[in-house]
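Step one of this worksheet: look at the structure below.
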Amino acid sequence: MSLQSLPGFRDFYPDDCALRNYIFLNWREAARRYGFREYDGPPLEPLELYTRKSGDEIVSQLFDFTDKGERHVAMRPELTPTLARMVGARERDFKKPIKWFAIPQLFRYEKQQRGRLREHFQFNADIIGEKGVEADVELVCLLVDTLRGFGLTHEDFVVRVSDRRVWAGYLESLGIAPDKHAAVFGIVDKIEREDGAVTQKKFDALGVSSATVAAILKFADTGEFASAAPAAMETLKRFLDAMAHAGLGQFIRFDPKIVRGLAYYTGIVFEAFDVKGELRAIAGGGRYDNLVKLVSGVDLPALGFGMGDVVLGELLKQRGLLPKVERRLDAYIVVAKEELRSQALKLVHDLREAGLACDYALTPAKMGKQFEMASAFGARFAVVIGDEWAQGQATVKSLAARTEEKVDVARLVEKLTE
Ligand code: HAM
């Protein structure tokens, strides 16, 4: 019987890991340029951290179970509630605004489909302790520059932005009470991917009249906000202007269809998509000014985004922007005479000690086979330990230039690092 991995879970072979590391490296580099510090939390959390704060959709996708100590626990489906708890617990220890990032692996029991798996890695960047719209600008600039760091341009992706306060103002003007807004956002979040009849059914269940539904859908389409929520509209306008001043206006599009599915957002919200609209969201986030208080009792405004590795990886592949995975060794030690194996072992160890990446055949092998391995492993040099060893020398062959020379063993490190 062959035991396969679970649906929606990936095996990372070395080439896959190399690409994953490339993505992580770019994420860390973007965060560094923006002055964000890295943190992490536990992969397993009390179930309650999510049931009260994240919203129904994510709760229905939890990997949860009762542990041996009778605690009801869940694998983390997102990092934001953990961050809210961590910051609240030691709020006084950190200067504001707090700018932190993390790269957690997350778990959601989703219907497996293109761009959506049951585990993924997510670049999270959050700013805590800053109310002003300048923080929203800083965060979205980081989002855009992170994607640009991979070589993507405004012809590849767009960040669609809206504001839940503007939406809330409009829904109230339609007579929809605030306690129903989260449910409406949950429906609007899906209108682009869902059949119209399903959307209508959901609105019916909420008790929203068909005339009001028509108004909501028109609003989502056209964003005729004018009188809905002037203060929120003004903030959104300042945000859009600032993005243009930063020189990133061409990456941003105001789009009221973006409301976000998670329950805790309170202000500007956004999602990044590929321009052709073929893939699921690359990233999503927004302002969540009440969550830290809900989780920890400490009142701190906050905002952030999450960018997954799955859709991003697909887009980079489509655009030919993934680097070629190459194995690199500085030297492969070729043991030409088996009686010199102990000397070869000592040499390999000395070279590794000096920081060089080296490898050699662990058991006797023909010279040809050893050279084959040297080139398969991407070695720059093959170092042959043979007859010349008696004179304190080894033959160094450059595999690319196809040249060779005898080098004193004492000068080998110098030669190999040339
Ligand atoms: P989210 O929209 O649920 O937000 O996820 C953010 C991104 O993670 C998505 O745009 C997508 O790229 C990726 N993602 C989500 N679920 C999956 C999945 N099943 N398979 C593959 N990729 C996936 C959040 O999680 C918020 N906590 C982000 C945030 C941070 N908001 C504030 N701070």
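First listed ligand is number 1; within each ligand, the first listed atom is number 1. For clarity, every value in this text was computed on a predicted model and none was experimentally measured.
The Ala283 neighbourhood of ligand 1 comprises atoms 10 (O), with distances under 4.0 Å to a heavy atom of that residue. Contact atoms of ligand 1 toward Val310: 21 (C) (distance under 4.0 Å to a heavy atom of the residue). Heavy-atom proximity to Glu110, at under 4.0 Å, picks out these atoms of ligand 1: 16 (N), 17 (C), 18 (C), 19 (N). Every atom of ligand 1 with a heavy atom of Gly304 under 4.0 Å away is listed here by number and element: 30 (C), 31 (N), 32 (C), 33 (N). Every atom of ligand 1 with a heavy atom of Gly115 under 4.0 Å away is listed here by number and element: 20 (N), 21 (C), 22 (N). Those atoms of ligand 1 that come under 4.0 Å of a heavy atom in Tyr264, given as number and element, are 26 (C), 27 (N). For ligand 1, the atoms sitting less than 4.0 Å from at least one non-hydrogen atom of Gly284 are 10 (O), 28 (C), numbered in the order shown with element in parentheses. Close approach of ligand 1 to Asp126 (heavy-atom distance below 4.0 Å) involves ligand atoms 30 (C), 32 (C), 33 (N).
A donor-acceptor pair under 3.5 Å is formed between the side chain of Thr266 and the backbone N or O of Asp289.
The local environment of CZ in Arg402 is sparse, with at most 12 non-hydrogen atoms from other residues, nucleotides or ligands closer than 6.0 Å. Atom CD of Gln4 has 12 or fewer neighbouring heavy atoms from other residues, nucleotides or ligands inside a 6.0 Å radius.
Leu147 pairs with exactly one of Leu316, Leu312, Asp156 by the side-chain contact (heavy atoms from CB on, under 4.5 Å) rule, that one being Leu312. Each of Phe101, Phe121, Phe123 was compared with Phe24 under the ring pair (Phe, Tyr, Trp, His ring centres under 6.0 Å) criterion, and only Phe121 meets it.
Looking only at protein heavy atoms, the nearest one to atom 28 (C) of ligand 1 is Gly306 N, 3.5 Å.
For Tyr288, no nitrogen or oxygen atom sits less than 3.5 Å from a nitrogen or oxygen atom of ligand 1, counting backbone and side chain alike. At under 3.5 Å, a nitrogen or oxygen of Gly308, whether backbone or side chain, sits near a nitrogen or oxygen of ligand 1. For a threshold of 3.5 Å applied to N or O pairs, the pair formed by Val311 and ligand 1 contains no separation below that value. Residue Leu117 places at least one N or O, backbone or side chain, under 3.5 Å from an N or O of ligand 1. For ligand 1, none of its N or O atoms has an N or O atom of Ala125 under 3.5 Å away. Close N/O approach between Asn124 and ligand 1 is not found [any backbone or side-chain N/O within under 3.5 Å].
Checked for salt-bridge contact, Asp274 and Lys276 miss the test: no charged N lies under 4.0 Å from a carboxylate O. Salt bridge present: Arg148 and Asp145 bring a charged side-chain N and a carboxylate O closer than 4.0 Å. Under the 4.0 Å criterion applied to side-chain N and carboxylate O atoms, Asp309 and Arg20 are not assigned as salt-bridge partners.
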